[in-house]
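Read through the structure below, which is laid out as structure tokens, and then see the notes.
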Amino acid sequence: MYSVVDIESKANKVLLSYFESKGKTIEAPIDPIDILEYKGYSVDYVNGKYDKNTYGTLKIKDKVVEVNADISYNEGMENFTIAHEIGHIELHATNLKNSDSPMCDLTALNNDSQIEKEADIFAACILMPEDLVKEAFYQIRKSPLFLKDGFLLRLIGKKNKTKRALNFASMVIARGKFNVSKYAMINRLITLRLIKGIRYQKNRLNHESKPDMN
């Protein structure tokens, strides 16, 4: 089990190594496919192999990430799926490869499993590095955004908290040139305590990731 701090540190190390290999400083937008290939893995888009609850599968022995091409992705969803699989590579692949535990044989891991949560956190950290998110945020406003949704605000026609958070996330994404979904950005801003007064948003991908030893 990894802490959020540990996961953020591992994501930053991957970013530093990748961008140093390019002779660049860390900048957005961040291309998860290029990072995956830098790690020695490839991406394969497959049809007719998985149901629509499965977005990505990590084939550890083959060093391949399979993306379910039967699902209609937007760019943010696709990037998060691939970054999620990089999370499995960095956080879980060694244990899965060397362990005799049943974890190696699992064919369905739901979003409530610990390793899925860890891979989601990793994906957020690598696609939305803390320094870049804060830089974009503070170009828009000077202090954390506190969302209120009281009776009077609803009465005068103000948008609800989620819609206002989505609108603000769009501004941060545009300012920072991030290639993620608005929901992913909302959750990152919540984690960094830059948005307050709203609950963590459920993962709109609702994907299963299947680390596969074969």
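No experiment lies behind these values; they were computed from the predicted model shown.
Using a 3.5 Å distance cut-off with no hydrogens or angles, the side chains of Tyr50 and Glu66 do pair a donor with an acceptor. Between Glu118 and His88, the side chains place no donor N or O within less than 3.5 Å of an acceptor N or O (distance only, hydrogens not considered).
One N or O on the side chain of Ser170 and one on the backbone of Leu166 form a donor-acceptor pair closer than 3.5 Å. For Asn68 (side chain) and Asp51 (main-chain N/O), a donor-acceptor pair under 3.5 Å exists by modelled atom type. A donor-acceptor pair under 3.5 Å links the side-chain atoms of Asn79 to the main chain of Asn179, judged by distance alone. Listed for the Asn187 side chain is a donor-acceptor partner under 3.5 Å among the backbone atoms of Gln201.
Counting heavy atoms from C-beta on, the side chains of Arg188 and Phe137 never come closer than 4.5 Å. Leu91 is not listed as a side-chain neighbour of Ile115, based on a closest heavy-atom distance of 4.5 Å or more. When side chains are defined from C-beta on, Glu85 does not count as touching Tyr41, because their heavy atoms never get closer than 4.5 Å. Between Val65 and Thr81, every side-chain heavy-atom pair lies at or beyond the 4.5 Å cut-off. For the pair Phe80/Val180, no side-chain contact is recorded, criterion being any heavy-atom separation below 4.5 Å from C-beta on. With a 4.5 Å cut-off on side-chain heavy atoms, Val5 and Ser3 count as touching. Between Pro32 and Leu127 the shortest side-chain heavy-atom distance falls below 4.5 Å.
Between Gly40 and Lys63, the shortest heavy-atom distance links the atoms O-CE, 3.7 Å. Closest approach of Lys196 to Pro144, counting heavy atoms only: CE-CB, 4.3 Å. Contact detail for Ile186 and Thr162: the closest heavy-atom pair is CD1-O, 4.5 Å. Taking all atoms of both residues into account, the shortest heavy-atom contact from His92 to Ala119 is CE1-N, 4.4 Å. Of all the heavy atoms in Pro129 and Phe178, the pair that sits closest is CD-CE2, 4.4 Å. Closest approach of Asp70 and Gly48 over heavy atoms only: OD2-N, 2.7 Å.
Residues Phe146 and Ile190 do not share a hydrophobic cluster, clusters being chains of Ile/Leu/Val/Met/Phe/Trp/Tyr side chains in contact below 4.5 Å.
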- Residue pair Leu36, Ile89: steps toward the side-chain contact (heavy atoms from CB on, under 4.5 Å) verdict: CA-CA 9 Å; Leu36 188 71; Ile89 293 167; 3.6 Å; yes
- Task: Using the side-chain contact (heavy atoms from CB on, under 4.5 Å) rule, take Leu189 and Phe168 through it: C-alpha gap first, then chi angles, then the decisive distance, then the call.
- Result: CA-CA 10 Å; Leu189 292 171; Phe168 187 78; 4.1 Å; yes
- Item | Glu135 vs Arg175, side-chain contact (heavy atoms from CB on, under 4.5 Å): CA-CA, chis, key distance, verdict | CA-CA 9 Å; Glu135 180 182 354; Arg175 184 62 60 94; over 6 Å; no
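Around the CG atom of Asn74, the shell of radius 6.0 Å holds more than 12 heavy atoms that belong to other residues, nucleotides or ligands. Within 6.0 Å of the NZ atom in Lys177, the count of heavy atoms belonging to other residues, nucleotides or ligands does not exceed 12.
A salt bridge links Lys39 with Glu90: the distance from a Lys NZ or Arg NE/NH1/NH2 to an Asp or Glu carboxylate oxygen falls below 4.0 Å.
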Side-chain donor-acceptor distances from residues 10-19 under 3.5 Å, at least two apart:
| residue | atom | partner | partner atom | Å |
| --- | --- | --- | --- | --- |
| Asn12 | ND2 | Glu8 | O | 3.3 |
| Ser17 | OG | Tyr38 | OH | 2.4 |
| Tyr18 | OH | Asp34 | OD2 | 2.4 |

